[in-house]
**Q** 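Please see the structure below; I have some questions.
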Amino acid sequence: MNREQVLEVIRPLTGIQVRQAENPTVRLEAERVFVRPAQHAQLLECAPHGMTALLQRAVIPETLAKRLSPQTFALVATEALRGQHSLMIREGQVVDFTQPNQGRQVEPERVLTTIERAMPQVDFHRVLTLPSHTVQIETVGVQERPVRKGDLVRAGALVRFSPIGVTLPMVQSYALRLVCTNGATSLNVGHEFTFGGNGSNGGSGGLWEWLRDSLREAYGSLGQIVEQWKQMIRERIRAEERPYAVEGLLQSAGIRGEQASAVRTEALAHPPQTAYDLLNLVTWASTHVLEDPRAIVRAQRAAAHFGSEERHAHVCPVCRRAR
C-alpha cells in the first residue's frame, strides 16, 4: 500500500468530534432519541448506530428498550448513564458512546511521516480498522534475516492509534515472513510500547518523539526475535501430538467454524514439525483466512504470546500447561 491508500482507509475515522459528557440525560421525542451532554447543554440527536451504542453503554438490552414507554426508557437510560462518558459526534449527531478519552488526538498524516522517517524505505503492508475508532498499521522496512535456509523474515513495526484519541497509541515489533507473507507480531519483553502506559508519558519530548523512538526500537529488535524463533525450530512436535497442538492454538486464537477447518486443512497439507511451524500456522491464518479485523488482532496476539521468549519458555506447545 502507498501513503494515499493508507490515508483513504483511515479517513472514515476522522471527521468526528469528541465531547466529554458528565451525567448526560436522555430524551425521546417523536421516536427520536436525544442526549443532553450536561446540564443546560444543547440536545444532540442520536444517529441509528449511536442509539445502538447508547444501549450498549447503558447496558440496556434492545428487547427491553422496545418494551419500555418513552418516558420510562428516558429515565432508565439517564440513570444508567450517570458518570463520565465521551460522545462521538459526526455532522451534529451522536454516533458512539465510549469511556472518557484515555489518550489524545493523533494526526494520521503525521503518524505516517514519523514512520517513514524512523524506518528506511518503509512499506505499508496492511491497515485494519478496529473498534473504539482505532486503526492498526502494519509496516515493514528493508532489514531481512533468515530464520532457516530459504526462510527470510523482514523487520517492521505495528502501530495502533485512535485519530480522535479514544485509545492510547501503541507500537509493537512486527516481522513479515517473506516465504508466505505471514505477518507475526512479537511480545518479547521491551518490544511493545504504549504511550502513557505503565507509568510512561513518552518522556519530555512528548508523543512524536516517543513514537519515533519506539518505532526505531521495535524495528531494531528483529535479531532477538529471529533468535527466539530459531530456538522454536529446535522444539520438535511428534506426529501423535500435532492434532492437540493445533487445536490448542486454534482455541487460544479464537478461530472457529469454517475458518478453523481451513487451518486444519493447511496443517494436514503441511504438518507442523516444530513449534515454529505452529507459530506460522496461526500467522498464516491471520493473513490468509481471517477477514474480521478483531479476529486478526486476536490471532496475532495469540501467536505473539506463543512465540514470546517470556511465555514460550514456560509453556508446553502441546498441552499448553506450565512445565
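Keep in mind that the numbers below use all heavy atoms, side chains included, and drop hydrogens, waters and symmetry copies. The residues of the chain are indexed from 1 along the displayed sequence.
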**Q** Answer yes or no: is there a side-chain heavy-atom contact under 4.5 Å between L112 and I137?
**A** yes
**Q** Would you confirm whether T78, through its side chain, and L75, through its main-chain N or O, come within 3.5 Å as a donor-acceptor pair?
**A** no
**Q** Is a donor on one side and an acceptor on the other found under 3.5 Å between the side chain of Y219 and the backbone of Q143?
**A** yes
**Q** Given 3.5 Å as the limit, does a donor-acceptor pair link the side chain of R154 with the main chain of L176, or not?
**A** no
**Q** Over all heavy atoms of both residues, which pair between M88 and I164 is shortest? Give the atoms and the distance, please.
**A** SD-CD1, 3.2 Å
**Q** A side-chain contact here means heavy atoms from C-beta on lying under 4.5 Å apart; do N23 and L81 qualify?
**A** no
**Q** Which pair of heavy atoms, one from G83 and one from P24, lies closest together, and at what distance?
**A** O-CD, 4.0 Å
**Q** If you compare all heavy atoms of P37 against all heavy atoms of Q42, which two are closest, and at what distance to 0.1 Å?
**A** CD-O, 3.4 Å
**Q** Taking all non-hydrogen atoms of both residues, which atom of R27 and which atom of A74 are closest, and how far apart?
**A** CA-CB, 4.4 Å
**Q** Keeping the roles fixed (side chain from S162, backbone from H133), state whether a donor-acceptor pair exists under 3.5 Å.
**A** yes
**Q** Do T283 and Q300 have side chains that approach each other closer than 4.5 Å (heavy atoms only, starting at C-beta)?
**A** no
**Q** State, to 0.1 Å, how close V153 and Y276 come at their nearest heavy-atom pair, and which atoms those are.
**A** CG1-OH, 4.4 Å
**Q** So, T14 side chain and R11 main chain: donor-acceptor pair closer than 3.5 Å or not?
**A** yes
**Q** Answer yes when R212 and E209 have at least one side-chain N-carboxylate O distance shorter than 4.0 Å, and no when they do not.
**A** no
**Q** Got a salt bridge between R32 and E29, using NZ or NE/NH1/NH2 to carboxylate O under 4.0 Å?
**A** no
**Q** Using side chain to side chain donor-acceptor pair (under 3.5 Å) as the criterion, point out the one residue from Q84, E79, H85 that pairs with R82.
**A** E79
**Q** Taking E217 for the side chain and S214 for the main chain, is one N or O donor matched with an acceptor at less than 3.5 Å?
**A** no
**Q** Does C46 reach the side chain of V35, with side-chain heavy atoms less than 4.5 Å apart?
**A** yes
**Q** Under the rule for side chain to side chain contact (heavy atoms under 4.5 Å, CB included), what residues qualify as partners of P271, not counting sequence neighbours?
**A** R242, Q273
**Q** Determine the minimum heavy-atom distance between T139 and A157, stating which atoms define it.
**A** OG1-O, 2.8 Å
**Q** Between L55 and F73, is any pair of side-chain heavy atoms under 4.5 Å apart?
**A** yes
**Q** Taking everything shown except H270 itself, do over 12 heavy atoms lie less than 6.0 Å from its NE2?
**A** no
**Q** Check whether T274 reaches the backbone of D277 with its side chain - one donor and one acceptor, N or O, closer than 3.5 Å.
**A** yes
**Q** Any side-chain to backbone donor/acceptor pair from S86 onto Q99? Under 3.5 Å, distance only.
**A** yes
**Q** Just by modelled atom types, is the Y244 backbone N or O under 3.5 Å from a matching donor or acceptor in the E247 side chain?
**A** no
**Q** Any sub-3.5 Å donor-acceptor pair from R3's side-chain atoms to E109's backbone N or O?
**A** yes
